[in-house]
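Since we're looking at a predicted model, the values are computed, not measured. To find a chain, count down the sequence lines: A is the first, B the second, and so on, and within it residues start at 1.
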2 protein chains.
Amino acid sequence: MPTPHYGLPRYRVIADQLRERIENGAIPPGALLPAETALTAEFRASRGTIRQAIAALREAGLATTEHGRGTYANAYPDRFSDAQTRRREIAADAELAALFDVEVGATLVEHQSVTRTESKVETVMRVYRLRQTGP
Amino acid sequence: MPTPHYGLPRYRVIADQLRERIENGAIPPGALLPAETALTAEFRASRGTIRQAIAALREAGLATTEHGRGTYANAYPDRFSDAQTRRREIAADAELAALFDVEVGATLVEHQSVTRTESKVETVMRVYRLRQTGP
DNA sequence: AGAAATTTGTCCGTATGTATC
DNA sequence: AGATACATACGGACAAATTTC
């Protein structure tokens with residue numbers, strides 16, 4: 001087989017389809033995606049291409065992979081109705097301060113989203129950002 | 001050739017050496033890294049491995065790649081522990097314990113990923129999950 | 001406790017497509 | 001148009017972590 005990637009590359013197309021399943025709940029938060037070998041069969045793609053697609057999902061924050069275990073779906077807070085979100089401002093501890101290169105105690109914004117399945121908490125996701133300075 | 005990667009994987013070792021050159025000024029900010037084919041010759045590694053090393057540099061915010069052009073070194077790297085993605089087990093504090101409905105101090109899994117633009121930390125995302133045990 | 005099966009991680013070699021010089 | 005450089009894709013092999021039996 002040649003390698004015609006007119007338009008979108010295959011790994012992007014595959015990543016989009018997997019993203020669709022995560023967002024519409026076919027793969028609920030915390031559930032495992034099919035194994036890489038299973039995906040190679042389903043999409044008729046090499047394992048490298050499948051891994052590239054999964055890497056794209058990870059970068060988008062949609063999945064988390066563990067060695068020997070599998071790849072979990074993460075919640076997509078904006079589109080999940082059963083997700084609770086909260087925003088608050090916190091003081092940077094030493095670790096976050098080092099990452100953001102600010103002083104300890106500087107103000108950071110934390111967005112927290114809690115996803116549940118059948119009222120049981122599945123995941124808690126916290127995203128930290130610098131507080132936006134004025135326009 | 002087999003694949004003996006005792007200790008650090010090769011792409012990490014290569015990434016570390018390239019990082020060293022960027023941080024000590026051997027490759028000044030804005031300069032191009034050697035081409036991938038040149039690096040394959042220098043490190044006697046396949047192009048895939050070289051690309052993996054460069055991808056690690058990108059994730060760490062140390063380099064920027066442009067399609068038919070090359071990979072540039074970015075400015076202001078040092079002192080950051082390259083913890084782009086990390087997994088660790090933590091003890092639940094009161095807030096997380098309440099959310100997950102477990103005792104304070106119970107073990108949770110935390111995945112952290114850091115995204116950067118131009119070597120500046122943009123967001124820090126932490127996903128908390130119960131540690132899986134049974135089927 | 002230990003062996004086997006499963007699953008992701010790393011690495012190689014090759015070929016072709018696409019963007020830039 | 002040609003040369004150079006990165007991007008995508010395939011297939012195979014072995015390593016390492018986890019789960020299952």
Side-chain angles (χ1 to χ4, degrees), chain A residues 1-18 27 30-59 62-74, chain B residues 1-18 27 30-59 63-74 84-89 107 109 111 113 129-135:
Chain A
M1 237 188 299
T3 313
H5 47 272
Y6 306 112
L8 280 182
R10 298 199 59 193
Y11 79 90
R12 280 248 158 259
V13 176
I14 295 170
D16 284 344
Q17 296 200 28
L18 293 174
I27 304 177
L32 284 171
L33 271 64
E36 292 173 357
T37 51
L39 294 174
T40 62
E42 176 181 350
F43 291 103
R44 308 277 196 91
S46 76
R47 203 181 142 215
T49 301
I50 297 296
R51 284 177 61 76
Q52 229 174 330
I54 292 176
L57 295 178
R58 270 199 305 271
E59 269 183 69
L62 286 162
T64 305
T65 301
E66 292 183 20
H67 192 164
R69 198 171 287 206
T71 297
Y72 295 94
N74 286 339
Chain B
M1 239 191 292
T3 313
H5 48 273
Y6 307 112
L8 280 182
R10 298 198 61 194
Y11 79 89
R12 264 270 156 240
V13 175
I14 295 171
D16 284 344
Q17 296 200 30
L18 292 175
I27 304 177
L32 282 172
L33 271 64
E36 293 173 356
T37 51
L39 294 175
T40 61
E42 176 181 350
F43 291 104
R44 308 282 193 88
S46 76
R47 210 186 134 210
T49 301
I50 297 296
R51 283 177 60 76
Q52 230 174 329
I54 292 177
L57 294 178
R58 271 198 305 269
E59 271 185 66
T64 304
T65 301
E66 293 181 19
H67 197 145
R69 197 170 289 219
T71 297
Y72 296 95
N74 284 340
Q84 56 279 14
T85 72
R86 178 190 65 187
R87 175 193 190 271
R88 65 177 175 180
E89 300 189 346
T107 301
V109 177
H111 277 92
S113 65
R129 213 189 293 285
L130 281 174
R131 201 164 52 130
Q132 301 283 14
T133 47

Worksheet item: For A:Leu39 and A:Ile14, what are the C-alpha separation, side-chain angles and deciding distance, and is it a side-chain contact (heavy atoms from CB on, under 4.5 Å)?
Response: CA-CA 9 Å; A:Leu39 294 174; A:Ile14 295 170; over 6 Å; no
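- When distances run from any side-chain atom of A:His67 to the nucleotides D:dT8, D:dC6, D:dA16, the shortest one goes to D:dA16.
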Practice prompt. Begin from the C-alpha positions of B:Asp16 and B:Leu8 and carry the test side-chain contact (heavy atoms from CB on, under 4.5 Å) through to its verdict.
Written response: CA-CA 10 Å; B:Asp16 284 344; B:Leu8 280 182; 4.1 Å; yes
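- In this structure, A:Ile54 places its CD1 atom 14 Å from P of D:dA9, rounding to the nearest Å.
- Side-chain atoms of A:Ser46 lie closest to D:dC10 of the nucleotides D:dC10, D:dC6, C:dG9.
- Checking D:dA9, C:dT10, C:dT7 against the side-chain heavy atoms of B:Pro9 singles out C:dT10 as nearest.
- A:Arg10 places its CZ atom 7 Å from the P atom of D:dA9, with the value rounded to the nearest Å.
- Residue A:Ala35 has its side chain nearest to C:dT8 when only C:dT8, C:dT20, D:dA5 are considered.
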Discussion item. Side chain to side chain donor-acceptor pair (under 3.5 Å) for B:Arg129 and A:Asn74? Distances and angles first, verdict last.
Written reply: CA-CA 10 Å; B:Arg129 213 189 293 285; A:Asn74 286 339; 3.0 Å; yes
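- Of all the heavy atoms in A:Tyr11 and A:Ala53, the pair that sits closest is O-CB, 3.4 Å.
- The CZ atom of A:Arg44 sits 16 Å away from the P atom of D:dA9 (whole-angstrom rounding).
- Between the A:Arg10 side chain and the A:Phe43 main chain, a donor and an acceptor come within less than 3.5 Å of each other.
- With C:dA15, D:dA9, C:dT8 as the choices, the nucleotide that has an atom nearest any side-chain atom of B:Arg47 turns out to be C:dA15.
- Among the protein residues, B:Gly48 comes within range of no part of the nucleic acid, since none of its heavy atoms lies under 4.0 Å from any strand.
- To the nearest angstrom, C1' of D:dC6 lies 12 Å from CG of B:Leu32.
- What separates CG of B:Leu8 from P of C:dG9 is a distance of 16 Å, to the nearest Å.
- Mapping B:Arg87 and B:Gly68 onto DNA chain D by nearest heavy atom places B:Gly68 closer to the 5' end of the strand.
- In this structure, CD1 of A:Ile50 is placed 11 Å from P of D:dG11, rounded to the nearest angstrom.
- Taking every side-chain heavy atom of B:Tyr11 into account, C:dC11 is the closest of D:dA7, D:dA9, C:dC11.
- Between A:Thr71 and C:dT7, a side-chain N or O to OP1/OP2 separation shorter than 4.0 Å is absent.
- Of the side-chain N and O atoms in A:Arg69, one or more sit less than 4.0 angstrom from OP1 or OP2 of D:dT19.
- To the nearest angstrom, C1' of D:dA7 lies 15 Å from CD of B:Gln52.
- Remark: A:Thr37 is not in phosphate contact with C:dT6, judged by side-chain N or O atoms under 4.0 Å from OP1 or OP2.
- Closest approach to the A:Arg51 side chain among C:dT8, C:dC11, D:dT8 is made by C:dT8 (side chain taken as heavy atoms from C-beta onward).
- Of the listed nucleotides (C:dT20, D:dA7, C:dT7), D:dA7 has the atom at the smallest distance from the side chain of B:Thr65.
- One interatomic measurement links the two molecules: CD of A:Glu36 to C1' of C:dA5, which rounds to 16 Å at whole-angstrom precision.
- Looking at every heavy atom in both residues, A:Ala56 comes nearest to A:Ala15 through CB-CB, 4.2 Å.
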